[in-house]
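Numbers for residues simply follow the sequence, beginning at 1.
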Amino acid sequence: MRQKMAGVNECFSIGSIVACKTCYNKEIEGEVLAFDPQTKMLILKCPASNGQPHFNDVHIINLSLVSDVQVKKEVNTVPEPPLPSLDLMRLNSRVRNQIEDKKRIITAMCPNVTPEGQKLFLAISKTIKEVNWDGSNIVVFDTVTITPPYKLDNVRGHADCKALTHIKKVVEKHVKEQAAAEAATSVAGAQTSPQ
């Protein structure tokens with residue numbers, strides 16, 4: 001693949017409009033937010049792909065992997081007002097939260113467990129972090145156990161335990177939401193099926 005790429009010494013000034021074609025033949029055009037010549041990383045702000053007028057998509061592009069880069073409009077002035085600095089603590093917090101969410105989803109995919117059990121595990125783990133698998137049983141707070149088929153009658157624990165009452169409410173809400181979702185799906189399916 002022949003690359004017509006910006007030279008190593010060439011820089012993209014903030015605010016310039018740049019178009020590039022990725023190695024996947026996707027064309028991206030947007031305003032330069034940042035450029036690092038050492039790593040050849042370019043950050044572009046583009047109009048939101050969902051069409052919402054006050055939102056933008058941000059693309060981080062490795063210029064080593066693009067086939068074509070064109071500067072559509074060069075800006076040589078310093079942007080006014082100056083760009084705000086990044087809140088690194090907030091960004092790190094978002095990264096940690098995303099990693100925890102992905103780990104929770106992976107943990108929910110326990111082998112030999114029904115999809116209903118996996119959905120209940122995910123529903124509980126959204127608000128309670130102390131949830132684990134013990135074989136095919138869901139264990140919450142090390143005191144409450146939910147056995148297959150994961151219905152309200154399958155929630156076990158000490159009768160005087162506050163956690164038991166709380167988990168029963170969570171399971172009851174989850175079961176109702178699942179039933180409502182299934183009913184809505186069957187109604188929608190009945191409406192679209194040919195007569």
>> Could you go through Arg90 and Ser93, starting from their C-alpha distance and side-chain angles, then the distance that decides it, and tell me whether this counts as side chain to side chain contact (heavy atoms under 4.5 Å, CB included)?
In response: CA-CA 5 Å; Arg90 185 174 176 202; Ser93 174; 5.5 Å; no

> Considering all heavy atoms of both residues, which atom of Ser125 and which atom of Val131 are nearest to each other, and what is their separation?
Replying inline: CB-CG1, 3.5 Å

>> So, taking the atom named CG in Leu122 and the one named CD in Gln118, what distance separates them when rounded to the nearest 0.5 Å?
In response: 8.0 Å

>> Can you confirm whether more than 12 heavy atoms, excluding those of Lys129, are under 6.0 Å from its NZ atom?
In response: yes

For residues 169-184, which side-chain N or O atoms pair as donor and acceptor with protein atoms under 3.5 Å away, sequence neighbours left out?
none

>> Heavy-atom count check: over 12 atoms from other residues, nucleotides or ligands less than 6.0 Å from Ile60 CD1?
In response: no

>> If I take atom CD from residue Glu100 and atom CG from residue Asn97, how far apart are they, to the nearest 0.5 angstrom?
In response: 8.0 Å

Review item, side-chain donor-acceptor pairs of residues 24-35, under 3.5 Å, at least two apart:
none

> After noting the C-alpha distance and the side-chain angles of His54 and Gln52, does the key distance pass the side chain to side chain contact (heavy atoms under 4.5 Å, CB included) rule?
Replying inline: CA-CA 6 Å; His54 300 294; Gln52 293 184 351; over 6 Å; no

> Step by step, would you call Ile128 with His166 a side chain to side chain contact (heavy atoms under 4.5 Å, CB included)?
Replying inline: CA-CA 11 Å; Ile128 300 170; His166 179 69; 3.8 Å; yes

>> Under the rule for ring pair (Phe, Tyr, Trp, His ring centres under 6.0 Å), what residues qualify as partners of Phe121, not counting sequence neighbours?
In response: Trp133

> Val58, Met41: one ILVMFWY side-chain cluster at the under-4.5 Å cut-off?
Replying inline: yes

> Where do Val69 and Cys20 come nearest, in terms of heavy atoms and distance?
Replying inline: CG2-CB, 4.0 Å

> Residues two or more places apart in sequence or in another chain: which of them pass side-chain hydrogen bond (donor to acceptor under 3.5 Å, both in side chains) with Asn62?
Replying inline: Ser64

> Restricting to pairs with a member in residues 142-158, which pass side chain to side chain donor-acceptor pair (under 3.5 Å), not counting sequence neighbours?
Replying inline: none

> In Å, rounded to the nearest 0.5 Å, how long is the span from CG of Leu42 to NE2 of His59?
Replying inline: 11.0 Å

>> Tell me whether Val71 shares a hydrophobic cluster with Val66, the cluster being built from Ile, Leu, Val, Met, Phe, Trp, Tyr side chains joined at under 4.5 Å.
In response: yes

>> Nearest 0.5 angstrom please: Ile146 CD1 to Leu152 CG, how far?
In response: 9.5 Å

> Do Ile17 and Phe12 belong together in a cluster built from hydrophobic side chains that touch within less than 4.5 Å?
Replying inline: no

> What heavy-atom pair brings Asn112 and Ser136 nearest, and what distance separates the two atoms?
Replying inline: O-CB, 4.4 Å

> Nearest 0.5 Å, what's the CG-CG distance between Leu44 and Asn56?
Replying inline: 11.5 Å

> Which value, rounded to the nearest 0.5 Å, describes the distance between Asn132 atom CG and Ile124 atom CD1?
Replying inline: 11.0 Å

> Excluding sequence neighbours, so at least two apart, what forms side-chain hydrogen bond (donor to acceptor under 3.5 Å, both in side chains) with Glu74?
Replying inline: Ser13

> Got a donor-acceptor contact below 3.5 angstrom from the Asp68 side chain to the Lys21 backbone?
Replying inline: no

